[in-house]
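As the structure is a computational prediction, the values presented were derived from the model and not from experiment. Atom set for the values below is all heavy atoms of this structure, side chains included, hydrogens, waters and symmetry mates excluded. Order of listing sets the numbers, starting from 1, for every ligand and every atom in it.
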Amino acid sequence: MSALALDFPAIEAARRRLDGVAHRTPVLTSATADALSGARLYFKCENFQRMGAFKFRGAYNAVARLDPAHRAAGVVTYSSGNHAQAIALACRLLGSRAVIVMPRDAPRGKLAATRGYGGEVVLYDRYGEDREAIGQRLAAERGLTLIPPYDHPDIMAGQGTAACELIEQAGPLDVLLAPLGGGGLLSGSAVAAGALCPGCAVIGVEPAAGDDGRRSLRAGRIVHIETPETIADGAQTQHLGRHTFPVIQAHVPAIVTASDAQLVAAMAFCAERMKIVVEPTGALGVAAAFGGELDIRGKRVGIILSGGNIDLERYAALLAGIPREGALLRPAGAGEA
Ligand SMILES: *Cc1c(COP(=O)(O)O)cnc(C)c1O
């Protein structure tokens, strides 16, 4: 047994569980994106995944792995975002019960979506109460199993299945760019790519306002930060996980960042040129490909578009604020120095 929380056979097992349940999402290409970046880019469209983000993969895998008694008793988690909806949907599909601890001031659309998938929402005050403590108390009181959003081997294994598919669909890659919050997606992607196309550099992309992942890699330990202020709400994590960090340390050569302005430009590019809706966190990889921090010219680059869940009014407001088309996208090679 490996000392790490994730190995490739666990990802292969997750693929079998997800077969026929999760969508095999399409991989798009764009001649304009290739010209702008100087690379050959392959966009894995997890914005088209069930419930609108890759998180369905990990959540379904984790709930499917529960033994019948635990599955019947139900699951509890804390999340205001995509993991909440993913757990609610996975539980509905698997005949389990989901209790989701969400902040009282969470967007109404997210509360409604979670309830719409059959989840029971327990509200808390995010300024005065500790959601992890509430989750643990509910787990103890009601015999529920706690499934956290990223720091769990079954979650990590499920998230790794997106990269497996991408590599099958696009062929071998030189670079794979994955959005980074708590590291479930990045750790899964890195183990998948390491097995399927050794030599592929799997690079995490996190918001510039919250670069705890990059600092953790440099420091060789998990760095904790305050909740970062960024439009990338799926990556507002304060630290990597005790399971995800060692896997990232072992398999990820670099973590780069993207600013909110770069994310908006990347979202606009996806809408205008590729005709797809991508949420801010989902655009992190696109922003990195255009950002100039990485030299990807001449390379085959996979990009995980991790999700597309954004309130329409917020989406419109973000895109309405940008300068003329592509002004924030730098042409290939312009970002050095
Ligand atoms: C959760 C999430 C991420 C970050 O995933 P982690 O596994 O926490 O690193 C990225 N993009 C979207 C759309 C997400 O919902």
Side-chain angles (χ1 to χ4, degrees), residues 5-6 11 14 25 43-59 61-62 77-89 107 110 113-114 147-163 176-192 202-207 210-214 216-217 222 227-228 230-245 247-248 252 255 257-258 263 266-267 270 276-288 303-311 315:
L6 182 63
I11 298 176
T25 55
F43 298 88
K44 176 68 168 163
C45 293
E46 287 294 296
N47 54 322
F48 294 149
Q49 186 51 263
R50 291 185 81 163
M51 54 63 53
F54 74 94
K55 287 244 175 34
F56 177 70
R57 297 173 180 272
N61 187 52
T77 194
Y78 37 81
S79 162
S80 52
N82 289 327
H83 180 67
Q85 291 163 62
I87 285 286
L89 176 58
K110 290 203 163 153
T114 305
I147 302 183
Y150 55 86
D151 203 24
H152 188 296
D154 298 333
I155 294 285
M156 296 156 68
Q159 316 307 33
T161 62
L176 174 55
L177 301 175
L180 171 61
L185 180 64
L186 181 59
S187 59
S189 301
V191 171
V202 181
I203 293 173
V205 189
E206 63 186 350
D211 67 339
D212 60 295
R214 179 164 65 182
S216 298
L217 259 196
I222 300 172
T227 300
T230 167
I231 59 171
D233 54 344
Q236 282 181 306
T237 38
Q238 292 174 278
H239 55 86
L240 299 177
R242 76 188 165 90
H243 295 302
T244 59
F245 178 61
V247 176
I248 290 168
V252 172
I255 292 171
T257 65
L263 291 179
M267 289 165 66
C270 290
I276 52 176
V277 175
V278 179
E279 64 182 274
T281 317
L284 280 162
V286 184
I303 297 175
I304 300 183
L305 298 178
S306 52
N309 289 329
I310 180 164
D311 186 275
Y315 185 70

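Formation of a donor-acceptor pair under 3.5 Å by the E206 side chain with backbone atoms of T257 is not found in this model. Between the side chain of E279 and the backbone N or O of N309, at least one donor-acceptor pair lies under 3.5 Å. With N61 contributing its side chain and D154 its backbone, the two residues share a donor-acceptor pair below 3.5 Å.
Listed by chain and number, the residues in a side chain to side chain donor-acceptor pair (under 3.5 Å) with H83 are T77 (sequence neighbours excluded). Legend: residues meeting side chain to side chain contact (heavy atoms under 4.5 Å, CB included) with H243, ordered by chain and number and at least two apart, are A5, D151, P153, M156.
Sorted by first and then second residue, the side-chain hydrogen bond (donor to acceptor under 3.5 Å, both in side chains) pairs involving residues 44-57 (not counting sequence neighbours) are T25-K44, T25-E46, K44-E165, K44-Q169, E46-Q49, E46-R57, R57-T161, R57-E165.
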Under a 3.5 Å threshold, I'd like every N/O contact between ligand 1 and protein atoms, with atom names and distance.
residue	atom	partner	partner atom	Å
ligand 1	7 (O)	G184	N	2.9
ligand 1	7 (O)	L185	N	2.9
ligand 1	8 (O)	G182	N	2.9
ligand 1	9 (O)	G181	N	2.8
ligand 1	9 (O)	G182	N	3.1
ligand 1	9 (O)	G183	N	2.7
ligand 1	11 (N)	S306	OG	2.6
ligand 1	15 (O)	K55	NZ	2.7
ligand 1	15 (O)	N82	ND2	2.8

